[in-house]
Each structure stands twice: as C-alpha cells, then as structure tokens.
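What follows is a short report on a single structure.
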There are 2 protein chains.
Amino acid sequence: MLAEFLPYRIAVLSERISRRLSLIYGAEAGISMAEWRVMVHLARCQEVSVREIHDCVNLDKPRVSRAVSRLTEAGLVAKTGSATDQRLLSISLTEEGQSLLARILPPARAYERRLLHALSPEEQAMLSTIMEKLHRVMDTDPDARPRSRLDLPRDAAE
Amino acid sequence: MLAEFLPYRIAVLSERISRRLSLIYGAEAGISMAEWRVMVHLARCQEVSVREIHDCVNLDKPRVSRAVSRLTEAGLVAKTGSATDQRLLSISLTEEGQSLLARILPPARAYERRLLHALSPEEQAMLSTIMEKLHRVMDTDPDARPRSRLDLPRDAAE
DNA sequence: CTGGTATCGTTGCAATTGCAACAAATGTCA
DNA sequence: TGACATTTGTTGCAATTGCAACGATACCAG
C-alpha cells in the first residue's frame, strides 16, 4: 500500500510542512521557497556567491540565480561583482532585507517550535539520528544525488 | 542556520529520497512520480475514479487527470465510464500495466528495504510515531492542508 | 418537472522547474 | 605567451505545476 511506503510517507509529510511554512513567508513577504532559503542563508553567510548558495541550500544554480535576481529587484539583496574574481558575485542582504527577515524569522521559528513541541526531547534526538542514517544510505549510493556540504552533520564526531 | 531548521531538513531528505526513487520507475518505465503513485494505488484499488485517486495519493485533480491520460495513452491503464454515474470514470490497470508494475515494484520495495535496513526496528517504529505526531500538529492547524484519507493511521486505536 | 446547487473530470494559463547550452572570466600547462 | 580546459552566473526551452474556471452530469427542494 502506498500509504505505508516510506518514500511516499516522507514526501507527503515534507510537502505538508513546506506548504504550511510557505504561508508564513509567502503571505507575509511574498517570497518563494527558493527566495526564503537564499535569504536565510545570507543571514548567516554574508558576501557569498551564487555557487556557494547553490552548494549550501539544495537549490540548483538557475534557481538561485533567479531567486537572487528577484530579491535584488525587490531591494532585499545586493549583488556586487567581486573585486578579485570578475566571475563571482558578492551577494548580501540589504538593510531592508535584514529587517524583512527579522519580521519573518520569528513566526517561522515559532512554527518549527510548534512542530518540535509535539516531540519529546528523546524523539527529537531520535529524529535527527534517523534522518542522518537515511542520508548515509544515500551517501553510499552512487546513483543518489550527493548531499550539500552544509547539510552534513557538524555536531557528531568527525 | 538553515541546516538545522526542521522543515528544511525534512524537505531535503524527502527530495533526495524521491529523486533516487524516481530513477527506478523513471528509467525502467519512463513514468513520472504522479504516474507512479497512480499505478501503485490502482494495484490495490481497482476501478476507482479520478477523485478517489486524488483523495488518496496526495495529488491534485488535474495532476491525476493528466497522469491517467498519459497512462491510458501508454496502454497501462484503462478508462471506462461508469455505468451508473456518467460523470465518474472507472480507472484500472491493464494487463500491460500490471506486468509493468510487477517489474518496477520489486526494485522500489528493495530500495525501501535498503532505507529501512539502516534503522533498527525500534527506530523504524519511532519514525512512524514521530511522523504521525508531526502530522497531528498540522491536523489541528486550520491553515495547514488537510491530510489525505488514506494517510491517516489505520493500525492505531481509533 | 424545474431551477438551483454540488460534483466530476478536463482544460487554460501563468508561473515554476530542471536541464543543458552559453558567454565571460579564470586557471593550467606547454 | 597561447591554446585548452574549468568555473561562474545567466539564459532558453520544454515540461511540469498549481490554481481557477469550465462544461457536463447528477442531486435536490419546491
């Protein structure tokens, strides 16, 4: 039965959560999921290139490129050519982008907390363990798409 | 950090698994995820309408409609008008569809087993529990999209 | 009956997507 | 230096998507 098929179950849960979350940044800021990811990433890593974003947030280059373009048009992000390497862009949040993010991040975090609140601390830890184990199956699978650098676990032993 | 944000982590894992799985039914049978879901559902529930599929496999009506059309053109599915209600379609797998599914289902199941094999029985049970708890958060959230009927747990107490 | 309402499947359409091709810039190595 | 490969960001394009509107059928109240 499809409803018991693990890939299907994960896909359904994921889509449901993503759609719910997109109401927050969509309604409040009119941005897409790609734009949301780019902005959140920029909040941590200022002055990054398109490729770095692409490597870090699980979006292909064209999507990042277009997301950055839209955000630039909206005045939320600044694109500057790098001085040393003319190919690279130096992308960062504008003040407007920062203030917008500051407005969206709290409800987004609140929603995450609401999800996590349904789980005990043990379950939360277990979920991380389980997800990491599933990732590792695919890490050893040459046909699976490789994992983004930043999605590798940092807390565990290395 | 984005990499620690639960909705993002679930989305990344889900997409990675889905993409890997789609290699199986895509390369072997040239069908899309929507078509895959429709066929798997039909394997269990013969003689169903578009709306029933839509209700059961987390695809909107147009997607189901188009998936069924493509599968019909490919000879994998038969569309018959219902006798009693002229609006309804009676959709079922053809023999060719059944044999195709019989060829794809084993590697798909094997892949699921490969994922599950990375988890202990306790972790597998815990994963189900956790996913159900996350679903329940959204079940009580009027802004979240409702869950498909068939995705509700059947084993638990009712 | 009959007018209004609900349901079913399909279609239109704008927007997004994924992938490949591309120009520009850099790196490499003889 | 100069030919060639690599990298970066963008663009083209075909296919898919999501949502709303649609015609057709069935239901239902008076």
Side-chain angles (χ1 to χ4, degrees), chain A residues 11-12 14-16 18-20 22-23 25-27 30-38 41-42 47-74 77-92 145-146, chain B residues 11-12 14-16 18-20 22-23 25-27 30-38 41-42 47-74 77-92 145-146:
Chain A
V12 167
S14 167
E15 199 190 322
R16 204 172 179 212
S18 286
R19 282 189 107 87
R20 176 60 182 84
S22 75
L23 294 182
Y25 52 72
I31 63 177
S32 70
M33 188 190 71
E35 290 154 10
W36 156 256
R37 286 194 189 173
V38 168
H41 181 71
L42 287 177
E47 305 285 322
V48 290
S49 66
V50 168
R51 196 191 63 79
E52 281 179 287
I53 303 178
H54 154 65
D55 277 348
C56 294
V57 302
N58 268 284
L59 298 169
D60 56 14
K61 267 192 309 177
R63 254 175 110 182
V64 174
S65 176
R66 293 192 231 258
V68 168
S69 295
R70 273 190 301 258
L71 290 172
T72 303
E73 284 173 24
V77 147
K79 274 203 283 195
T80 325
S82 163
T84 63
D85 189 335
Q86 305 262 74
R87 292 170 304 181
L88 268 61
L89 286 182
S90 181
I91 300 161
S92 58
R145 184 166 286 207
Chain B
V12 168
S14 167
E15 198 190 322
R16 201 171 181 214
S18 285
R19 283 188 107 87
R20 176 59 182 84
S22 75
L23 293 181
Y25 51 72
I31 62 177
S32 71
M33 189 191 70
E35 290 154 12
W36 157 256
R37 285 194 189 173
V38 167
H41 180 72
L42 287 178
E47 305 285 322
V48 289
S49 68
V50 167
R51 197 191 63 79
E52 279 179 288
I53 302 177
H54 154 66
D55 276 348
C56 294
V57 302
N58 269 282
L59 299 170
D60 57 12
K61 265 192 311 178
R63 254 175 111 182
V64 174
S65 176
R66 292 191 233 257
V68 167
S69 294
R70 273 189 301 259
L71 290 171
T72 303
E73 284 172 25
V77 147
K79 275 203 282 196
T80 326
S82 161
T84 64
D85 188 334
Q86 304 264 74
R87 294 171 303 181
L88 269 61
L89 287 181
S90 180
I91 299 161
S92 58
R145 185 167 286 207

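All of these numbers come straight from a predicted model, not from anything done at the bench. Within every chain, numbering begins at 1; the chains are lettered A, B, ... in the order of the sequence lines, protein sequences first and strands thereafter.
Straight-line distance from the CD1 atom of A:I53 to the P atom of D:dG9: 9 Å, rounded to whole Å. Distance A:L59 CG to D:dG9 C1': 15 Å, rounded to the nearest Å. Counting to the nearest Å, the P atom of D:dT7 and the CD atom of A:E52 are 15 Å from each other. As a whole-Å value, the separation of B:L88 CG from D:dA24 P is 18 Å. Here D:dC27 presents its C1' atom at 7 Å from CZ of B:R87, a figure rounded to the nearest Å. One can place NE2 of B:H54 at 15 Å from P of D:dT17, the figure rounded to the nearest angstrom. Atoms CE (A:M33) and P (D:dT17) sit 14 Å apart, rounded to a whole Å. Residue A:R66 contributes atom CZ, which lies 10 Å from atom P of D:dT10 at whole-angstrom precision.
Distances shorter than 4.0 Å separate some side-chain N or O of B:K79 from OP1 or OP2 on C:dT10. In this model, the phosphate group of C:dC19 is approached by a side-chain N or O of B:R19 to a distance below 4.0 Å at OP1 or OP2. In this model, the phosphate group of C:dA15 is not approached by any side-chain N or O of A:R70 to a distance below 4.0 Å at OP1 or OP2.
A distance-only check finds no donor-acceptor pair linking the side chain of B:S18 to the backbone of B:E15 [under 3.5 Å].
With contacts defined as side-chain heavy-atom distances shorter than 4.5 Å, the pair B:L59/B:I53 does not qualify.
Of all nucleotides listed (C:dG9, C:dT7, D:dT11), C:dG9 comes nearest to the side chain of B:L89. With C:dG9, D:dA24, D:dT11 as the choices, the nucleotide that has an atom nearest any side-chain atom of A:S65 turns out to be D:dT11. Checked against C:dT10, C:dG18, D:dG9, the side chain of A:V50 finds its nearest nucleotide in D:dG9. Checked against C:dA6, C:dG9, D:dG9, the side chain of A:R51 finds its nearest nucleotide in D:dG9. Of the listed nucleotides (C:dA25, D:dA26, D:dT8), D:dT8 has the atom at the smallest distance from the side chain of A:K61.
Residue A:S49 is classed as a sugar-phosphate contact, given heavy-atom separations below 4.0 Å to backbone atoms only. Among the heavy atoms of the strands lying under 4.0 Å from B:R63 are primed sugar atoms or P, OP1, OP2 only; no base atom is included.
Of all non-hydrogen atoms in B:R16 and A:R145, the two that sit nearest each other are NE-O, 2.7 Å. The shortest non-hydrogen separation linking A:S65 to A:V50 is N-CG1, 4.3 Å. Among all heavy-atom pairs drawn from A:V48 and A:E52, the shortest one is CA-OE1, 3.5 Å.
Nearest-nucleotide positions on DNA chain D for B:D60 and A:D85 put A:D85 closer to the 5' end. Both A:V68 and B:Q86 lie near DNA chain D, and the one whose nearest nucleotide falls closer to the 5' end is A:V68.
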